[in-house]
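Just follow the structure's listing: the first ligand is 1, and inside any ligand the first atom is 1.
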Amino acid sequence: MAGSKNLLGIFMLQIMLVGLFSSHADGQGLKVGFYEKSCPQAEAIVSKVISDVMSVAPSLSGPLLRMHFHDCFIRGCDGSVLLDSPNGQSEKFSPPNLSLRGFNIIDRVKLALEKACPDVVSCADVVALVARDVTVATKGPHWEVETGRRDGNVSLIGDPISPGTGLPSFSANITVLKQSFALRGLSAKDLVVLSGGHTIGMSHCSSFESRLYNFTGKGDTDPTMDPNYIARLKLKCKPRDQTTLAELDPGSFKTFDDSYYRLVTKRRGLLESDAALLNDPETRAYLVQAISHGSTFFKDFGVSMVNMGRIGVLTGSQGEVRKVCTKTN
Ligand code: HEM
């Protein structure tokens, strides 16, 4: 009896948590070409600014793709990650977001949009469109981005690290990762497909240091990681190094391709969360599929990005369209 009460409690909690993220989990109110009439040049303006930026600062592709993930997973895709707060108490000051870069690029895109069509295009949509354009700029897939998101007015430093509902940690195991995605209406397939975003960009050594030096607190290494790879990473990353960066997908970290999956299957995924994808039959099968002839990774990535872009969106008369992405109106 006590057991069934517990189960009921867990079930109720899950329903409450899903409610937190799913004001429009199905993306109701979003559509491709939302600005067709109100600002026909909107998407071309975003693409032009991003292509200019990529020609001088291609290393911003990773952070700008990651930004959409960090926005959508906390309070839904509502631009809350962009807000400043006078006393540093908004999401962007939370530990997982301290390694985000490119906020000034979002501001630059928004400025160009405000010049052409004042008060029309939301910051949340800018983040979604930029994520697509940096993927294309790194030779990845193109997909149609649904737009029509509105911007939220709340951004709290504690949300990204809130147990159970914050951003998944780099050390999360497969169960926790799947739960984190399921809470937001995303499947195990979305998890393995979107983790493929790690085909571009860099990670701080501190995000995987324990795998090299102190996995279980006994000065040991992560037994699931290729020992040759560990030896190589140790040359780059010394203990307690807070500044050095390592490529998530060495050899092709500037190119959006399938080599991330090749690495993970060879036990060379950089983060524990990457390696964890080997520990579930469905995600493991996908890793193999993604590197086979006839891989559907590029097409799947577009589909899963659209799914992620629907999380908890504000639409219609909800929220607002910010004039400046760092401030509520
Ligand atoms: C599955 C759960 C995920 C976890 C635990 C995770 C964790 C991380 C961590 C720890 C880093 C390195 C940060 C640093 O040390 O500087 C990183 C980088 C990155 N992540 Fe993820 N991530 C996840 C999912 C995603 C998703 C869904 C995307 C986008 C589709 C994404 C895109 C990226 C990119 C592009 C970078 C490189 C950023 C840069 O170059 O600065 N990640 N991620």
Side chain, backbone, both or neither: which applies to L248 and ligand 1 if a contact is any heavy-atom pair less than 4.0 Å apart? side chain
Option with minimal heavy-atom separation from atom 23 (C) of ligand 1, where the choices are F69, F253, F170, F181: F69
Side chain, backbone, both or neither: S207 near ligand 1, heavy atoms under 4.0 Å: side chain
The one among S180, P63, P168 that brings a heavy atom closest to atom 2 (C) of ligand 1: P168
protein heavy-atom neighbour closest to atom 42 (N) of ligand 1 works out as H198 NE2, 2.9 Å
Check each of L194, T199, T296 against F301 using the side chain to side chain contact (heavy atoms under 4.5 Å, CB included) test, and report the only one that passes. L194
Any salt bridge between E43 and R132, counting N to O under 4.0 Å? yes
If the threshold is 4.0 Å, N to carboxylate O, is there a salt bridge linking R310 and E146? yes
Identify the protein heavy atom lying closest to atom 16 (O) of ligand 1, giving its residue, its atom name and the separation to 0.1 Å. H204 ND1, 2.7 Å
Checking side chain to side chain contact (heavy atoms under 4.5 Å, CB included) against I105, which of I50, V134, V130 comes through? I50
Near-ring test F181/F73, centroid separation under 6.0 angstrom: yes
Quick one: does F208 get within less than 4.0 Å of ligand 1, heavy atoms only? no
Which residue and heavy atom of the protein sit nearest atom 40 (O) of ligand 1, plus the separation: M202 N, 2.9 Å
Of all the atoms in ligand 1, which lie at a distance below 4.0 Å from a heavy atom belonging to I200? 35 (C), 37 (C)
Specify the protein heavy atom at minimum distance from atom 5 (C) of ligand 1: its residue, its atom name, and the distance to 0.1 Å. S169 O, 3.2 Å
Find all atoms of ligand 1 within a distance of less than 4.0 Å from any non-hydrogen atom belonging to G201, and give their numbers and elements. 37 (C), 40 (O)
Candidates L83, D84, L100 - the one meeting side chain to side chain contact (heavy atoms under 4.5 Å, CB included) with K92: D84
Distance from atom 9 (C) of ligand 1 to nearest protein heavy atom, with residue and atom: L271 CD1, 3.6 Å
Salt bridge or not for D300 and K189, using N-O below 4.0 Å? yes
Near S203 (heavy-atom distance under 4.0 Å), the atoms of ligand 1 are 12 (C), 14 (C), 15 (O), 16 (O)
Judged by non-hydrogen atoms, does A172 sit under 4.0 Å from ligand 1? no
For L194, atoms of ligand 1 separated by under 4.0 Å from a heavy atom: 26 (C), 27 (C), 28 (C), 30 (C)
Which one of G62, S273, S59, G197 has a non-hydrogen atom at the shortest distance from atom 4 (C) of ligand 1? S273
Below 30° counts as parallel, above 60° as perpendicular, anything between as tilted: where do the rings of F297 and F256 land? parallel
